[in-house]
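Below is one structure, written out as structure tokens, with a few remarks after it.
Because the structure is predicted, anything quoted here is derived from the model rather than measured. Just so you know, these numbers use all the heavy atoms, side chains as well, and skip hydrogens, waters and symmetry mates.
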Amino acid sequence: AEQADIGRRSGDFQRHGVTVAVTSADDVDGIRLWDDAIITKRIAAAARLPPTPQSVADSSFHPRHAPHAHGLAVPLHGTITREDLTAIALLRVYPDGPVPAFKALREKGIRVVTMPHLRSTYLDGAVFLLDGKPVIGLTLRYDRLDNFWHTLMHELGHLYNGDVSEEPVFDDLEISAQEDNQEVAADMIAQNVFIPRERWESFCAHRVSTMSICALAAELSLSPAIVAGRYRFEKKNYRVFTALVGHGEVRRLFPSFTGE
């Protein structure tokens, strides 16, 4: 179910930007289970998996772009330009846009993996270098188009800004990033690559409705989910425009994804 109230309980704490819930002794065990190194190891293991028939079918993996650790070729680059960010963002116009986005990133030498949401965390995504190449992990904890596109572009923003190293960046994208310059900068990229700041400000200066959201989406060749999701996040009101944010439109695109 969608988390309508993003206020954190007094027993929660932050670990590299990821909020971990502590309500019982079992949750303390969960924290130890999902220590930074364990999370990183799990994402890295997924990134190194050899392709399977199903993963090839859903474009999450492709033999030509699988990790070198399995004796298969991998592109020698792994950087991303502003033009690349724009090209990836343009795939938003397709109903199955996440699939070609993953494929395009693999062709750039950037491995993207999905994994089940991690118990006792609010982890949305992570990015780090593995064998010198970028790896992005997405939990798809909210099966929504707005969350997918913002999380993917946020992690790519870290890569574009040069924030990425072997030390992972873990992101809970529902918390404020105002005190972390790297997170603010990655958020700005994720937001402005879809809707320029000036256009967004003029949009918000008027009454926002389902009709105005759909009109802006049509103007910018966006899914209404991206417009509605940004509005909901900035207003911290997750009870409005719930029908527009693309519930159930992401995980179905990746049949190999088993997390709930």
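- Side-chain atoms of Thr86 come within 3.5 Å of backbone atoms of Arg82 as a donor-acceptor pair (strictly under, hydrogens ignored).
- Put simply, the side chain of Asp143 gets close to the backbone of Val250: a donor and an acceptor are under 3.5 Å apart.
- Residue Arg252 qualifies as enclosed at atom CZ: its count of foreign heavy atoms under 6.0 Å is above 12.
- Scanning both residues, Leu159 and Pro134, for their nearest heavy atoms gives CD1-CG, 3.9 Å.
- Salt-bridge formation is not detected for the pair Lys133/Asp131: no Lys NZ or Arg NE/NH1/NH2 atom is positioned less than 4.0 Å from an Asp or Glu carboxylate oxygen.
- Inspection of the Glu183 and His158 side chains reveals an N or O donor paired with an N or O acceptor under 3.5 Å.
- Contact annotation: the side chain of Phe194 never approaches that of Arg230 to less than 4.5 Å [non-hydrogen atoms, C-beta and beyond].
- Nearest heavy atoms, Val93 versus Ser221: CG1-O, 3.0 Å.
- Distance CG/Asp84 to NZ/Lys108: 4.0 Å, rounded to 0.5 Å.
- Judged by the 6.0 Å and 45° rule, Lys236 forms a cation-pi pair with Phe233.
- Across all non-hydrogen atoms, the minimal contact from Asp187 to His150 is OD1-NE2, 3.1 Å.
- At least one donor-acceptor pair under 3.5 Å links the side chain of Ser202 to the backbone N or O of Arg199.
- The two residues Trp149 and Ala101 have their closest heavy-atom pair at CH2-CB, 4.1 Å.
- Put simply, CD1 on Ile226 and CD on Gln191 are 12.0 Å apart, with the number rounded to the nearest 0.5 Å.
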Q.
Show, in sequence, the C-alpha distance, side-chain angles and deciding distance for Phe102 and Thr114, and conclude whether the side chain to side chain contact (heavy atoms under 4.5 Å, CB included) test is met.
A. CA-CA 10 Å; Phe102 278 24; Thr114 59; 3.8 Å; yes
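- Side-chain atoms of Ser212 do not come within 3.5 Å of backbone N or O of Val208 as any donor-acceptor pair.
- Among all heavy-atom pairs drawn from Leu244 and Ala228, the shortest one is CB-CB, 3.8 Å.
- Atom CG of Leu220 sits about 10.5 Å away from atom CH2 of Trp200, to the nearest 0.5 Å.
- Both Leu145 and Tyr94 are assigned to one and the same hydrophobic cluster, defined by single-linkage of ILVMFWY side chains at heavy-atom distances under 4.5 Å.
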- request: Show the numbers, then the answer: is there a side chain to side chain contact (heavy atoms under 4.5 Å, CB included) between Ile88 and Met153?
  value: CA-CA 9 Å; Ile88 295 296; Met153 299 310 296; 4.0 Å; yes
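- The side-chain hydrogen bond (donor to acceptor under 3.5 Å, both in side chains) check on Thr210 picks up nothing, with sequence neighbours excluded.
- Minimum heavy-atom separation, Asn147 to Thr151: O-OG1, 2.7 Å.
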Verify side chain to side chain contact (heavy atoms under 4.5 Å, CB included) between Arg232 and Val240, making sure each step is shown before the conclusion.
CA-CA 7 Å; Arg232 283 153 49 99; Val240 297; 3.8 Å; yes
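- Within a 6.0 Å radius of CD in Glu166, no more than 12 heavy atoms belonging to other residues, nucleotides or ligands are found.
- Atom-to-atom distance recorded for Ile189:CD1 and His154:NE2 is 9.5 Å, nearest 0.5 angstrom.
- Interatomic distance, Ile80 CD1 to Ile110 CD1, rounded to the nearest 0.5 Å: 4.5 Å.
- A donor-acceptor pair under 3.5 Å is absent between the side-chain atoms of Arg144 and the main chain of Gly246, judged by distance alone.
- Every residue two or more places apart in sequence or in another chain was checked for a ring-ring contact (aromatic ring centres under 6.0 Å, His included) with Tyr160, and none qualifies.
- Salt bridge present: Asp124 and Arg141 bring a charged side-chain N and a carboxylate O closer than 4.0 Å.
- Side-chain contact between Leu105 and Leu152 is present, with at least one heavy-atom pair separated by less than 4.5 Å.
- Separating the CD1 atom in Ile213 from the CZ atom in Phe241 is a distance of 4.0 Å, to the nearest 0.5 Å.
- Looking at Gln182 and Asn161, their side chains never come closer than 4.5 Å, going by heavy atoms from C-beta outward.
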